[in-house]
Amino acid sequence: MTENAPQQQTDLPNAWNPADEEAGLYQRWVAAGYFTADAASDKPPFTIVLPPPNVNGSLHMGHALDHTLMDALTRRRRMQGYEVLWLPGMDHAGIATQNVVERELANEGVSRHDLGREGFVQRVWEWKAEYGGKILDQMRRLGDGVDWSRERFTMDDGLSRAVQTMFKRLYDDGLIYRAERIINWCPRCHTALSDIEVDHSEDEGELVSIRYGDGDHAIVVATTRAETMLGDTAVAVHPDDERYAHLVGTEVELPLTGRRIPVVADKHVDPEFGTGAVKVTPAHDPNDFEIGRRHGLPMPSIMDERAVITAHGPFEGLDRFEARPAIVAALREQGRIVAEKRPYLHAVGHCSRCDTVVEPRLSLQWWVRVEPLARAAGDAVRDGRTEIHPPELAKRYFDWVDNMHDWTISRQLWWGHRIPVWYGPDGETVCVGPDEEPPSGEGWHQDPDVLDTWFSSGLWPFSTMGWPDDTADLAKFYPTTVLVTGYDILFFWVARMMMFGLYAMDGRQPFDHVFLHGLIRDANGKKMSKSRGNGIDPLDWMNRFGADATRFTLARAANPGGDMALAEEWAAGARNFGTKLWNASRFAMLNGATVARPLPATGELTEADRWILGRLRTVVSEVDDLLEDFQFAKATNLLYHFTWDELCDWYLELAKVQLSGDRADNTRAVLGHVLDTVLRLLHPFVPFVTERLWTALTGGESLVVARWPGQALTGGGPALPEPDDVADGRITDLQKLVTEIRRFRSDQGLKPGQKVAARLSGPGYADLAAHEDAVRSLARLTDAGDGFSATAAIEVSLPAGAVQVELDTSGAIDVAAERKRLQKDLAVAEKELKQTEGKLGNQAFLDKAPAEVVDKIKARRDTAAADIERITARLAALPS
RNA sequence: GGGCGCAUAGCUCAGCGGAAGAGCACCUGCCUUACAAGCAGGGGGUCGCAGGUUCGAACCCUGCUGCGCCCA
């Protein structure tokens with residue numbers, strides 16, 4: 001390490017141009033191997049597996065946030081001396097990718113069936129080679145410090161083997177079974193979907209009331225799906241509903257079909273809803289399916305896989321949405337429509353991939369029996385083996401895992417892991433493990449379906465490290481330390497990885513912590529979406545403001561659990577901060593700031609030096625605490641304000657004075673030191689600009705592998721002096737004095753650059769006399785030389801007493817402006833006096849409030865009283 | 001229908017029992033030799049409404065109103 005090599009001059013350009021430097025810096029980091037994890041290392045591990053993005057996806061703002069936070073976590077831990085593994089990769093996104101390639105084929109006038117299964121899958125691989133993984137390059141743009149040597153893909157041989165192993169184990173344990181049930185069917189994708197692949201929305205539909213039967217034997221049912229009446233096999237009423245008691249056990253005629261169907265009593269019918277009677281279509285509604293099961297009803301399917309009506313005379317061949325009005329019209333003709341309500345708002349499920357309205361469908365599918373797995377997943381969080389941050393979200397997790405339905409894992413697709421089950425000529429069913437030969441011979445065939453993409457993604461925390469083999473990576477890096485994702489992905493990711501991880505890894509949880517961040521919204525707090533057109537492309541921001549600015553914007557908005565609104569102005573602000581940091585650093589370096597020598601002894605430092613170093617020490621400690629607690633927004637805001645408001649606005653200005661004094665070298669050391677530390681603290685969030693500045697400042701190899709300030713694991717780091725109350729108070733006084741003078745100047749319309757002769761005096765000034773040069777520099781005051789003639793005076797009250805500032809404004813002063821100012825200050829002081837005296841006049845307050853609170857109020861009262869006296873006198877002295 | 005969360009400056013959000021804060025926006029003046037992607041100064045809020053607890057409430061409790069999200 002050459003971290004302490006001296007660096008006198010700087011080769012830094014005048015301005016920071018991210019586009020010129022980011023890509024080169026990133027390449028250098030990767031080439032140096034900084035991000036490559038070593039399973040043989042003695043360092044403590046810190047592991048994150050990247051929730052794998054879809055192979056057909058591109059980086060959106062949600063990813064950018066996710067990645068920024070993961071990168072910040074891993075970069076800091078790396079600097080702290082951990083052996084960091086951040087493992088990247090992608091999933092194969094079964095439905096989405098198959099859709100993409102099918103669309104491509106459609107443009108060529110070909111269907112996947114023309115290519116055949118093998119040909120189609122080959123074609124998807126070719127597509128992947130050419131277009132897949134765009135997001136990986138976008139991750140490089142963002143600066144993700146991932147271990148590219150361990151990049152994985154869910155369809156790779158190793159991960160496929162893990163999938164087959166897992167299937168076999170679950171099958172053998174009786175946790176995977178095949179059954180005919182109602183599933184969510186997408187008539188466009190032609191596949192089953194799991195519950196969470198269905199999005200519900202309130203859609204406008206119609207509620208039609210239909211009379212079944214006639215005369216005394218009539219019963220009215222209401223439905224939003226009139227077309228399903230073709231598949232009705234019963235009408236159900238509540239057993240205690242006296243209105244229909246006489247009909248239960250009898251049959252009514254089902255219109256249009258000539259069929260007679262029974263009226264059954266079922267206690268799951270809500271007698272309050274509608275007429276209290278419901279039509280029962282067991283093959284096309286999950287509730288009706290349950291009723292059908294309880295009453296042994298037939299379950300005819302009336303639609304094919306495209307949701308087109310099959311059989312049933314005139315309606316055959318109609319799409320379900322064409323069939324609906326046709327059937328209503330036919331019923332109306334027969335006088336069977338009792339009431340119609342349009343529009344009628346009701347919840348409708350849509351395919352999360354293509355937005356088609358899902359069709360509940362009776363079909364034979366493979367299922368995971370989740371009960372024991374979900375219980376273990378809940379217990380791991382209940383036991384505290386896995387901690388969810390922020391903890392409020394644990395409740396949502398429990399609600400989900402404790403009430404989870406069995407999971408449909410078969411998909412009627414070709415792109416994915418094929419179900420490793422073979423069926424024999426005599427009805428045999430054989431599940432085949434990865435190292436076994438599948439049965440062959442006449443009549444044997446493999447199940448045609450593939451597994452849900454989430455089945456393979458659920459294995460990600462360990463399949464990526466070589467499971468089911470015992471590998472060095474698993475030994476070193478499992479369980480992973482933290483999973484970072486949005487709270488909307490809690491069920492997709494967390495629950496499924498937890499279930500599989502605990503099962504496959506002998507009860508060892510896949511991650512110790514789960515950090516859930518909020519969702520990205522636009523400047524008005526609205527969710528970003530394609531239909532709204534309010535999405536922001538992170539690449540656009542990276543192009544215009546730089547990767548650092550994009551990252552810093554996201555990190556500054558990331559309060560745990562809270563959603564965050566973003567707008568271009570936010571990114572511009574972050575870019576401005578980078579510029580500020582750049583300019584401040586360049587200024588410091590041009591003035592010889594250096595880390596070449598150790599910090600001077602405390603006794604050799606000025607109060608300004610001791611103040612900024614004390615503040616720095618506090619900031620280091622606070623930032624550290626905040627980051628341990630995933631408080632990214634607070635940590636970055638603290639750094640933003642320390643850098644801008646304290647370091648740049650005050651210390652750099654004070655340093656300008658010191659640099660022309662006799663202890664300039666000390667100032668150079670302090671400047672270098674503060675800057676060095678600030679760059680280290682900021683590096684996890686804005687890696688590029690800090691790297692460029694830090695290597696220039698220190699001559700060190702790279703900030704990526706530099707030590708993190710403070711904290712035990714870092715083995716020390718620069719020793720900073722304790723915060724110094726005297727120095728802090730002195731600088732606070734100085735700031736107040738300078739600010740008051742500036743206020744006066746501004747009131748009086750004096751140009752900021754205009755020097756004004758002044759004389760400073762008063763009891764409060766004794767302690768500040770040593771800072772006179774600084775005060776004069778910051779307030780643009782010159783000495784009161786010959787011919788000085790005060791035309792105005794202000795009085796600033798400090799804890800040690802008042803300071804008089806007499807100024808020669810070389811002209812008349814604006815008395816009205818001065819009076820206005822004083823009156824305003826007076827009003828403030830009077831309000832303060834009234835408030836504090838009110839409290840102190842309350843015996844109950846004096847008796848019950850803690851002594852330090854009472855003392856504080858007393859001090860405030862005294863200050864207010866003194867201010868009133870002073871201001872009143874000043875007002876009286878003003879020429880009228 | 002069940003559950004959760006939020007209502008604080010024009011906008012987006014911190015603060016969660018002892019003096020109302022930030023960023024952006026806004027107003028005034030400045031190209032003051034690091035920085036106009038900037039500097040200096042300034043204006044702006046009875047902290048959704050109504051009760052209660054407390055010496056003291058933006059902060060705790062109850063109800064109401066209005067939003068948002070998840071699940072059914």
Side-chain angles (χ1 to χ4, degrees), chain A residues 12 14-16 195-196 200 270 272-273 286-287 347 349 392-393 395-396 399-400 403 405 487-488 490-491 518-519 521-527 545-546 549 553 556-557 559 561-591 631 633-634 637-638 640-641 644-645 648-649 652-653 655-656 738-755 777-780 821 824 828 831-832 835-836 838-850 852-854 856-857 859-861 863-864:
Chain A
L12 294 174
N14 287 339
W16 165 243
D195 293 345
I196 50 176
H200 294 272
D270 177 6
E272 305 292 321
F273 182 78
N287 294 322
E392 302 90 84
L393 286 168
K395 234 177 303 174
R396 231 191 239 197
D399 284 348
W400 171 256
N403 299 295
H405 300 298
Y487 64 72
D488 56 329
L490 182 64
F491 308 138
L519 273 31
R521 298 176 178 280
D522 71 7
N524 297 313
K526 293 271 185 291
K527 214 167 170 174
F545 304 116
T553 305
R556 279 188 82 195
N559 280 301
D563 290 351
M564 58 215 81
L566 293 182
E568 200 170 304
E569 292 85 345
W570 281 235
R575 186 260 327 257
N576 295 352
F577 176 67
T579 305
K580 189 74 179 176
L581 187 65
W582 181 266
N583 286 320
S585 303
R586 210 167 54 91
F587 168 78
M589 283 182 237
L590 287 169
N591 283 282
Q631 302 273 1
K634 290 192 178 68
N637 275 307
L638 178 57
Y640 176 96
H641 286 291
W644 203 312
D645 303 347
C648 292
D649 286 352
L652 282 185
E653 296 303 323
K656 285 176 184 172
V738 168
T739 302
E740 287 296 327
I741 297 170
R742 286 173 175 169
R743 274 213 310 175
F744 177 82
R745 293 178 54 119
S746 182
D747 286 346
Q748 293 298 320
L750 294 165
K751 307 280 182 250
Q754 186 181 336
K755 303 274 190 189
S777 167
L778 289 167
R780 310 273 166 200
R821 151 74 13 143
K824 193 183 164 189
V828 170
K831 188 178 164 201
E832 175 80 351
Q835 261 179 10
T836 50
K839 287 201 176 203
L840 295 168
N842 180 346
Q843 193 56 45
F845 171 75
L846 296 175
D847 290 347
K848 300 195 176 181
E852 69 261 28
V853 173
V854 176
K856 221 163 100 181
I857 300 289
R860 279 171 52 197
R861 192 247 339 249
T863 304

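These values consider heavy atoms only, across backbone and side chains, with no hydrogens, waters or symmetry-generated copies.
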Checklist entry - Out of B:A14, B:C24, B:C4, which has the shortest distance to the side chain of A:Lys395? => result B:C4
Checklist entry - Which one, B:G42, B:A37, B:G23, comes nearest to the side chain of A:Arg743? => result B:G42
Next on the checklist: Check the phosphate of B:G38 against A:Trp582, side-chain N and O only, distance under 4.0 Å to OP1 or OP2. Yes or no?
Outcome noted: no
Next on the checklist: Using the side-chain heavy atoms of A:Thr739, tell me which of these nucleotides is nearest: B:G41, B:G23, B:A19.
Outcome noted: B:G41
Checklist entry - Looking only at atom types and distance, does a side-chain atom of A:Ser746 sit under 3.5 Å from a main-chain N or O of A:Arg742, one as donor and one as acceptor? => result no
Checklist entry - Toward the 5' end of RNA chain B, which comes first, A:Trp16 or A:Arg742, by nearest nucleotide? => result A:Trp16
Item to check | Rounded distance in Å between the P positions of B:G18 and B:C64 | outcome: 29 Å
Checklist entry - With respect to the side chain of A:Tyr640, which nucleotide from B:C55, B:G41, B:G23 is positioned closest? => result B:G23
Checklist entry - Paired with B:C11 by Watson-Crick or G-U wobble geometry, both distances under 3.5 Å: which nucleotide is it? => result B:G23
Next on the checklist: Of the options B:A34, B:A19, B:U32, whose atoms approach the side-chain atoms of A:Pro752 most closely?
Outcome noted: B:U32
Next on the checklist: Among B:A22, B:A34, B:A19, which nucleotide has an atom closest to any side-chain atom of A:Lys856?
Outcome noted: B:A19
Checklist entry - Quick one: which of B:G3, B:A37, B:C39 gets closest to the side chain of A:Asp399? => result B:G3
Next on the checklist: Let's see if you can work this out: which of B:A37, B:G29, B:A34 has an atom nearest to the side-chain heavy atoms of A:Lys580?
Outcome noted: B:A34
Checklist outcome for this item: From the candidates B:U12, B:G23, B:C69, the one with an atom nearest any side-chain atom of A:Ala565 is B:U12
Next on the checklist: Donor-acceptor pair, distance only, cut-off 3.5 Å: does the side chain of A:Arg745 make one with the backbone of A:Arg780?
Outcome noted: yes
Item to check | Distance between P atoms of B:U46 and B:A40 (Å, rounded) | outcome: 29 Å
Checklist entry - Start at the 5' end of RNA chain B and walk down; is the nucleotide closest to A:Lys751 or to A:Cys648 reached first? => result A:Lys751
Checklist entry - Among B:C13, B:C35, B:G41, which nucleotide sits nearest the side chain of A:Asn559? => result B:C13
Item to check | Span that lies between the C1' atom of B:A58 and that of B:C6, in whole angstrom | outcome: 14 Å
